[in-house]
Structure formats: structure tokens, C-alpha cells
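Written out below as C-alpha cells is the structure these notes cover.
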Amino acid sequence: SRSRTYEAAAAQEIQRRSVDSVVRQHYNARPDMGVSARQSSPIIKLKSFNNFIKSVIIKRFARRDDVVLDMGCGKGGDLLKWDIAGIRGYVGIDIADVSVRQAEDRFRKMRRKRFWAEFMAGDAFSMPLTAHIPRDMYQAVFPVDVVTMQFCMHYAFETEAKARQMLENVSRSLRRGGKFIGTIPSSDAIVEHIQKLPPGEKEWGNSVYRVRFFNDPPRDGMFRPPFGHRYSFFLEDAVEDVPEYVVPFEVFRAMAEDYKLELVYRKGFHEVFEDETSEHPELFDIAKRMDVVKSDGTFGIEGDQREAAGFYLAFAFEKLAG
Ligand code: SAM
């Protein structure tokens, strides 16, 4: 029976690696489109809106001269946002090595940048970060002021072990009082959709996005056990059929407490937009520059792209003492 346990463990490991390699291959294969190609995308408004929300969250939680760890940095799409925030240093890590090289390239080509940056390819969720970060760099740079995980933490909710290793990596990387910020699909939004599904139906969406559960999703909205609730997310022109996992938010919040991370902010994207722009009207200048404008000329997002944006939430935690 012992060897059967090992066999089961080995089978699980193969399964886990294959999911990671699907994710890696998918992102590696995505071309790094220039600005002009992006402009003709059917989800151009959604991309602008998402970028605006990320800018707002970065602005709210980062301080001048901060050092930032970007876990799941992708092609470095947030480098300019961090430059505008006035940070001092940036460490980017992603499992997709081709994306990491593109991020490095993007940084090299940035003009008038005011911060240093280091990039690494590696799995930031299933292994300790020290497996990828050279020891001397780790000692010189860590703990950092901010850990950011944009549109990627949901890949870690495949298993409890992976989610815990990810949180351990976040917590160990942060100084006391440091911030952990991110954007993920909202489990509330997911549950709302599941409860509206006709019996036997496992998917929903519109002209720009589609969600398809692997197994029958729980109708009562309770994800038990809270890991491995796999679905495919299709986004017109972006993510095609990459396995993702539900992040039941209350489970995430409770688990984060085990790692001395206390929730300080949690809002759906539309709420972030409404609240932050009414508190800080100067954000409309940025919204205008980023083309977060509806067809009638007012600020915001509309139609199917609006519903797709409502799939996400933004969060922030603070690292407590001890
Ligand atoms: N944060 C970037 C952004 O906002 O533009 C990229 C987001 S992209 C939707 C998700 C990223 O998560 C991909 O680049 C993917 O390679 C990365 N990722 C997935 N699993 C990972 C892991 N185990 N370790 C590090 N990165 C991972």
C-alpha cells in the first residue's frame, strides 16, 4: 500500500506539473503586441479599464522609494505604472521564461526610468522563492515593501499546498507593515453566475468572455474543499482555455491570517472605479489618458466588456508584526 501511496503522489505530481506547463506554454506563446496592434483588439476597452484599476491600486498602496516584488510579472505590463509610482527597485518573477525575457526587454527599452529591476524565470507558487533568487540578491533586497500579484494568484488555488507555499513566499518576502496587493476573479461574482445557471449547465459568458467549469459547480456557492475548483477562462483575443481555479475569498482571507497578513482592502473592479474616482477626482486625468471612456464620452466601461471587468476584484493585505 505504501508504494501505491507513492504512485498516487507521483501521479498527482505529474498532473500538477502538466497544469503548470499548460500555463507556461500558453503565456510563452502569446505574442508581445505593439501598441498599434493592441488598439484594434476587440477587448481594447477592457484592457484599458483593467490597467486603470491596477494603476489606481498601485497608487493607493505603494510609496515613493518602495522596493516591489512582482510575482507572476508576465511581460512586465506594469513596469510603467511602478515607475510613475516612484519606486526605487523591482524584482519580477514568472514561470513563463519567454514572458520574463520580454519583460526584461521592455524594461531595457524604457526611457527615463528611475528604478532598478531584476527579472527571474521560475515557479513562484510551488517552491520557496529562494530556489530562484540568488542568495546575495535575496540578502541585499529582501524583505521588500510591496508584493504584487496581478491577475495570477488564482493559478495557485489548485491545491492547498500550492496556495500555502504561495502565501509563505509572499509573507516571507514582506517587511513588517509591507503591503500585499493583487487582482483575482471574484468568488462572489462567480457564485452569482452559478446560481443563475439552468440545471446541468456549467458555463456562462458573453461576446468577450466565457467561463466553463470542469465539474458541476456547487449550486449553494460553497466550494468544499476550497481548492481545485477548476474552470477554463476564455477571453476574446487574450486567454484561451487556460485552467484556472476559484479563489473562495473568505478561505483566502482566513488562510492569509496564518501568514500574518491582514486584509485591509477588498473591492470589485466597478466599486474600485466608483469609490476611488469619487474620492480622488484627479484620477479622471489618468482615466482620460488611458482611454477609459464610454461611447457617450463619460468615464467608465460599458456593455459586454463591463460585465467581463466585473468578474474581478482588487485586494490589499498588510503584513503584521511577529
Ligand atoms: N501580472 C501580469 C499582468 O498583470 O499583466 C501577467 C498576468 S497573466 C494573466 C498571469 C501570469 O501568471 C502569467 O504570466 C503566468 O505565466 C503567471 N504564472 C502562472 N503560474 C505561475 C507560477 N506558478 N509562478 C509564477 N508565475 C506564474
Side-chain angles (χ1 to χ4, degrees), residues 35 38-39 41-66 68 70 74 76-87 90 114 145-154 178-190 192-193 206-209 235-238 247 249 252-253 262-318:
V35 172
R38 269 203 299 272
Q39 238 115 52
S41 159
I43 52 162
I44 176 76
K45 292 285 183 180
L46 178 60
K47 286 180 177 174
S48 303
F49 187 80
N50 289 348
N51 274 317
F52 177 70
I53 297 297
K54 287 198 283 184
S55 300
V56 167
I57 295 300
I58 286 172
K59 205 172 152 59
R60 180 169 175 136
F61 291 101
R63 298 279 164 272
R64 192 156 284 281
D65 291 329
D66 274 354
V68 175
D70 192 347
D78 294 340
L79 285 167
L80 193 60
K81 301 179 190 73
W82 289 112
D83 191 40
I84 291 168
I87 61 166
Y90 172 100
R114 291 155 291 185
D145 305 292
V146 177
V147 173
T148 176
M149 289 186 75
Q150 303 299 336
F151 297 110
C152 61
M153 202 195 72
H154 39 293
K179 300 294 190 296
F180 166 35
I181 62 174
T183 45
I184 49 170
S186 153
S187 53
D188 287 351
I190 289 175
E192 223 172 273
H193 280 286
N206 63 29
S207 69
V208 300
Y209 88 111
L235 191 57
E236 187 60 44
D237 197 42
V247 180
F249 198 89
F252 166 43
R253 189 197 53 75
E262 184 185 57
L263 185 70
V264 292
Y265 189 95
R266 170 206 185 167
K267 282 180 186 183
F269 271 22
H270 295 310
E271 208 185 338
V272 174
F273 185 87
E274 298 301 331
D275 292 358
E276 299 292 327
T277 53
S278 60
E279 271 174 48
H280 307 281
E282 69 275 14
L283 288 173
F284 284 124
D285 292 340
I286 304 176
K288 190 171 179 189
R289 226 181 309 130
M290 294 176 92
D291 194 31
V292 182
V293 180
K294 293 189 269 192
S295 48
D296 65 0
T298 59
F299 290 111
I301 185 164
E302 61 197 334
D304 282 2
Q305 295 185 76
R306 180 181 172 83
E307 187 188 319
F311 192 59
Y312 293 96
L313 64 78
F315 64 76
F317 289 79
E318 183 172 324

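Sequence positions, counted from 1, serve as the residue numbers for this chain.
Between R253 and E262 the shortest side-chain heavy-atom distance does not fall below 4.5 Å. Contact check for S55 versus M290: side-chain heavy atoms found under the 4.5 Å cut-off. The closest side-chain heavy-atom distance from V146 to Y90 is not below 4.5 Å.
Residues L263 and F317 come closest through the heavy atom pair N-CD2, 3.4 Å. In plain terms, the two heavy atoms of A316 and F61 that are nearest each other are CB-CZ, 3.5 Å. Annotation for K81 and G77: closest pair NZ-O, 3.1 Å, computed over non-hydrogen atoms. Pairing each heavy atom of S41 with each of K47, the nearest pair is OG-NZ, 3.9 Å. Nearest heavy atoms, H270 versus R306: NE2-O, 2.9 Å. For A308 against L46, the heavy-atom pair with the smallest separation is CB-CD2, 3.9 Å.
Once rounded to the nearest 0.5 Å, the distance linking CG of L283 with NZ of K288 reads 15.0 Å. A distance of 11.5 Å separates CD1 of I53 from CD1 of I58, quoted to the nearest 0.5 Å. Of the inter-residue distances, the one linking L79 atom CG with D83 atom CG reads 8.5 Å to the nearest 0.5 angstrom. Within the model, atoms CD1 of I43 and CG of N50 stand 8.5 Å from one another, a figure rounded to the nearest 0.5 Å. One finds the CD atom of E307 at 11.5 Å from the CD1 atom of I301 (value rounded to the nearest 0.5 Å). With rounding to the nearest 0.5 angstrom, the CZ atom of R114 is 11.0 Å from the CG atom of D65.
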Given the rule in the side-chain contact (heavy atoms from CB on, under 4.5 Å) test, do I286 and K59 qualify, once you have shown the distances and angles that lead to the verdict? CA-CA 11 Å; I286 304 176; K59 205 172 152 59; 4.3 Å; yes

From CA spacing to verdict: ring-ring contact (aromatic ring centres under 6.0 Å, His included), F311, F269: CA-CA 8 Å; F311 192 59; F269 271 22; over 10 Å; no

Walk me through whether M153 and F180 qualify under side-chain contact (heavy atoms from CB on, under 4.5 Å). CA-CA 12 Å; M153 202 195 72; F180 166 35; 4.0 Å; yes

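Looking at V247, I184, T183, V272 one by one, the single match for side chain to side chain contact (heavy atoms under 4.5 Å, CB included) with L313 turns out to be I184.
Under the 6.0 Å cut-off for aromatic ring centres, F273 and F49 qualify, their centroids lying closer than that. For F252 and F315, the ring centers are positioned less than 6.0 Å apart.
The main-chain N or O of D304 is found under 3.5 Å from a side-chain atom of N206 such that the two form a donor-acceptor pair. A distance-only check finds a donor-acceptor pair linking the side chain of Q305 to the backbone of K45 [under 3.5 Å]. D66 contributes no side-chain N or O that, together with a main-chain N or O of A62, makes up a donor-acceptor pair within less than 3.5 Å. At least one donor-acceptor pair under 3.5 Å links the side chain of E302 to the backbone N or O of S295.
Using modelled atom types and a 3.5 Å distance limit, the side chains of S186 and D188 yield no donor-acceptor pair. At a cut-off of 3.5 Å, with distance as the only test, no side-chain donor of T148 or D70 sits close to an acceptor on the other residue.
Using a 30° and 60° split on the angle between ring planes, F299 and F284 fall in the parallel class, below 30°.
A salt bridge links E318 with K179: at least one charged nitrogen is closer than 4.0 Å to a carboxylate oxygen. Ion pair D78/K54 flagged as a salt bridge, since at least one NZ, NE, NH1 or NH2 atom sits closer than 4.0 Å to an Asp/Glu carboxylate oxygen. The residues D145 and R64 are annotated as not salt-bridged, no charged nitrogen and carboxylate oxygen being separated by less than 4.0 angstrom.
The number of heavy atoms from other shown groups lying within 6.0 Å of NZ (K267) is above 12.
A cation-pi contact links R266 to F249, judged by a cut-off of 6.0 Å to the six-membered ring centre and 45° from its axis.
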